[in-house]
Visitor: 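My questions will all concern the structure given below.
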Number of protein chains: 2
Amino acid sequence: MTGGMAVADPMYRVISDELRQKIESGQLAPGSQLPTELELRDRFNASRNTIRDAVKTLVSLGLVVTRPGQGTFVTERIDPFVTTLSADADTGFGGGEGATYLSEVSRAHRQPFMSEPRVEVLLATGEIADRLRVEEGTQLVSRHQQRHIDNTPWSLQTSFYPMQFVLDGATRLLEAVNIPQGAVQYIQEILGLKQTGYRDWITVRAPDANETAFFRIPGDGRVAVFEIFRTAFAESGDPMRVTVSVFPSDRNQFIVDVGTVPAPQLGTT
Amino acid sequence: MTGGMAVADPMYRVISDELRQKIESGQLAPGSQLPTELELRDRFNASRNTIRDAVKTLVSLGLVVTRPGQGTFVTERIDPFVTTLSADADTGFGGGEGATYLSEVSRAHRQPFMSEPRVEVLLATGEIADRLRVEEGTQLVSRHQQRHIDNTPWSLQTSFYPMQFVLDGATRLLEAVNIPQGAVQYIQEILGLKQTGYRDWITVRAPDANETAFFRIPGDGRVAVFEIFRTAFAESGDPMRVTVSVFPSDRNQFIVDVGTVPAPQLGTT
DNA sequence: GCAAATTTGTTCGTATGTATT
DNA sequence: CAATACATACGAACAAATTTG
């Protein structure tokens with residue numbers, strides 16, 4: 001342990017701290033414009049590059065956004081969409097997916113939109129094979145969808161099913177069309193395979209290039225994404241489906257109810 | 001729409017993309033050192049500042065870490081700790097807290113450590129008052145704990161109880177000592193108030209100054225934190241406790257089980 | 001519709017500070 | 001103490017996006 005006196009913070013940090021304090025105290029309101037870089041340069045008696053370093057840390061913290069040709073603005077919070085992961089445990093239908101997804105969103109007075117699926121046949125790779133408990137190289141059907149709410153890109157979802165389901169008669173899994181009653185219900189109707197539960201595995205990571213483009217978030221990883229692996233189980237205890245959903249963390253929150261919980265109060269924080 | 005030809009990416013982006021590809025393809029293994037800034041400057045025929053911009057975007061993406069005096073290294077993944085939020089629904093005890101926390105961690109062959117609590121009496125503020133459904137300004141007891149695993153800082157946890165619980169006899173809530181059987185159990189024993197369920201509200205945000213210091217994560221928001229609000233409900237349906245837990249997203253993942261789910265396979269992704 | 005002004009983005013050069021080996 | 005490597009800071013020039021006159 002060296003103890004000793006603290007060294008002075010670098011100048012860009014002092015500047016960003018002062019601006020940060022002004023933002024977090026509300027002195028600089030959300031949506032309002034910061035002084036321009038040249039104004040800040042004069043005000044703090046620093047070079048423009050040092051000002052830019054200070055502003056960059058604020059950008060990194062998600063406190064401000066910069067717009068070329070316009071200026072730097074205090075971030076406006078997006079009204080978050082809240083997904084209940086533990087919805088409808090009895091029916092085996094999960095929160096935030098398929099048929100339940102649409103009704104959940106409508107309930108919050110928002111306009112949902114779900115793209116037609118992109119369907120592929122592919123070979124199981126490490127992570128997916130692992131979760132589905134099949135051999136690597138097993139043939140799978142993947143159904144990929146983009147989901148929007150109020151014209152804002154909201155999530156990317158890909159479900160993986162064993163190709164065997166199709167061979168056994170669930171041919172609509174291969175059609176690039178939404179399944180009205182939901183794939184879970186469809187599989188039960190055709191194959192008699194009932195989903196009795198699921199496990200959600202929640203992680204957070206930096207977005208890849210596809211995700212930054214679709215969600216329109218910065219390409220430098222400042223906005224992380226949730227990646228939720230949902231493994232659905234049949235009565236036998238075997239996995240019957242894996243769904244991978246990606247949500248930008250700046251506009252998504254999740255709820256998990258355990259035990260007896262009163263109905264949520266809409267509009268509550 | 002202007003259509004038109006795509007303009008060339010800036011140089012620092014071209015450089016970071018090339019390095020990124022080398023890292024993600026495994027050509028640069030985790031833990032290995034990148035060429036120094038001066039070497040990269042010569043290799044890419046750019047200025048050192050431009051190289052630094054490229055490296056900064058990699059840092060921002062969490063792909064590399066820089067160490068002054070040493071060099072730049074490919075990030076090594078931390079073996080994540082996985083918390084089951086839906087644990088023990090029957091008993092009303094939640095995953096990842098108090099008594100269950102210790103046993104859950106031990107099960108994974110890790111060494112847990114929980115600090116003695118810092119206890120405070122304070123007035124309910126907006127967010128907490130809202131979730132506890134009490135008036136702003138109501139007196140609350142807060143119990144704050146730091147939790148480590150294998151000497152790595154793991155989470156910060158603060159629980160809020162109505163001060164009335166203490167007045168009604170649950171005086172140990174005010175003592176800055178761990179409650180062996182857990183506060184939930186203690187409250188039930190003393191007050192006969194049974195926790196019948198809880199709601200977890202999962203968000204992700206940039207860490208504040210305290211959190212960056214405790215978790216030893218960079219102060220610029222590159223590593224986000226989970227913030228999980230757990231509102232616990234009594235039989236009456238009224239909230240009896242709010243617990244706020246903060247976890248760095250680089251070393252934590254969460255599981256939610258809904259319906260019938262087979263036991264987890266340890267060591268599985 | 002266009003040109004000028006404004007504002008942020010990229011790139012270079014240079015010098016000095018700080019941490020580690 | 002010296003060498004190495006990243007961190008901070010300044011100055012300068014030009015590019016690209018946007019707004020304004």
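Model, not experiment: these values are computed from the prediction. Atom set for the values below is all heavy atoms of this structure, side chains included, hydrogens, waters and symmetry mates excluded.
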Visitor: Given atom CZ of Arg13(A) and atom P of dG17(C), what is their separation to the nearest angstrom?
Guide: 21 Å
Visitor: Using whole Å, what does the distance between atom P of nucleotide dC12(C) and atom CZ of Arg41(B) come to?
Guide: 11 Å
Visitor: Tell me every residue that passes side-chain hydrogen bond (donor to acceptor under 3.5 Å, both in side chains) with Arg251(A), counting only those two or more places apart in sequence or in another chain.
Guide: none
Visitor: Roughly how many Å is it from CG in Asp220(B) to P in dA7(D), rounded to a whole number?
Guide: 11 Å
Visitor: Would you verify whether the NZ or CZ of Arg131(B) falls within 45 degrees of the ring axis of Phe229(B) while also being under 6.0 Å from that six-membered ring's centre?
Guide: yes
Visitor: Please report the distance, rounded to the nearest Å, between CZ in Phe73(B) and C1' in dT20(C).
Guide: 10 Å
Visitor: Figure out the CG/C1' separation between Asn45(A) and dA9(D), and round it to whole Å.
Guide: 13 Å
Visitor: For the pair Glu24(A) and Arg20(A), find out whether any cationic side-chain nitrogen is under 4.0 Å from an anionic carboxylate oxygen.
Guide: yes
Visitor: For the pair made of NZ in Lys56(B) and C1' in dT11(C), what is the distance, rounded to whole Å?
Guide: 13 Å
Visitor: Could you tell me the separation between the CD atom of Glu37(A) and the CG atom of Asp42(A), rounded to the nearest 0.5 Å?
Guide: 12.0 Å
Visitor: Under 4.0 Å between a side-chain N/O of Ser47(A) and OP1 or OP2 of dC10(D), yes or no?
Guide: yes
Visitor: Any chance you could list the contact pattern along nucleotides 1-9 of chain C? Use B for base contacts, S for sugar-phosphate-only contacts and - for none, protein heavy atoms under 4.0 Å, 5' to 3'.
Guide: ------BBB
Visitor: Under 3.5 Å, is there a donor-acceptor pair between the Gln157(B) and Ser245(B) side chains?
Guide: yes
Visitor: Between the side chains of Ser159(A) and Arg143(A), is a donor N or O closer than 3.5 angstrom to an acceptor N or O?
Guide: no
Visitor: State plainly whether the residues Arg118(B) and Glu120(B) are in salt-bridge range, i.e. N to O under 4.0 Å.
Guide: yes
Visitor: Under 3.5 Å, is there a donor on one side chain and an acceptor on the other for Gln253(A) and Thr203(B)?
Guide: no
Visitor: Could you identify which residues of residues 206-218 of chain A place a heavy atom less than 4.0 Å from some atom of DNA chain C, listed by residue number, or say none?
Guide: none
Visitor: What's the CG-P distance between Asp53(B) and dT11(C), to the nearest Å?
Guide: 7 Å
Visitor: Given atom CD1 of Ile15(B) and atom P of dT10(C), what is their separation to the nearest angstrom?
Guide: 13 Å
Visitor: Checking Ser47(A) against Thr50(A): is there a side-chain donor and acceptor pair closer than 3.5 Å?
Guide: yes
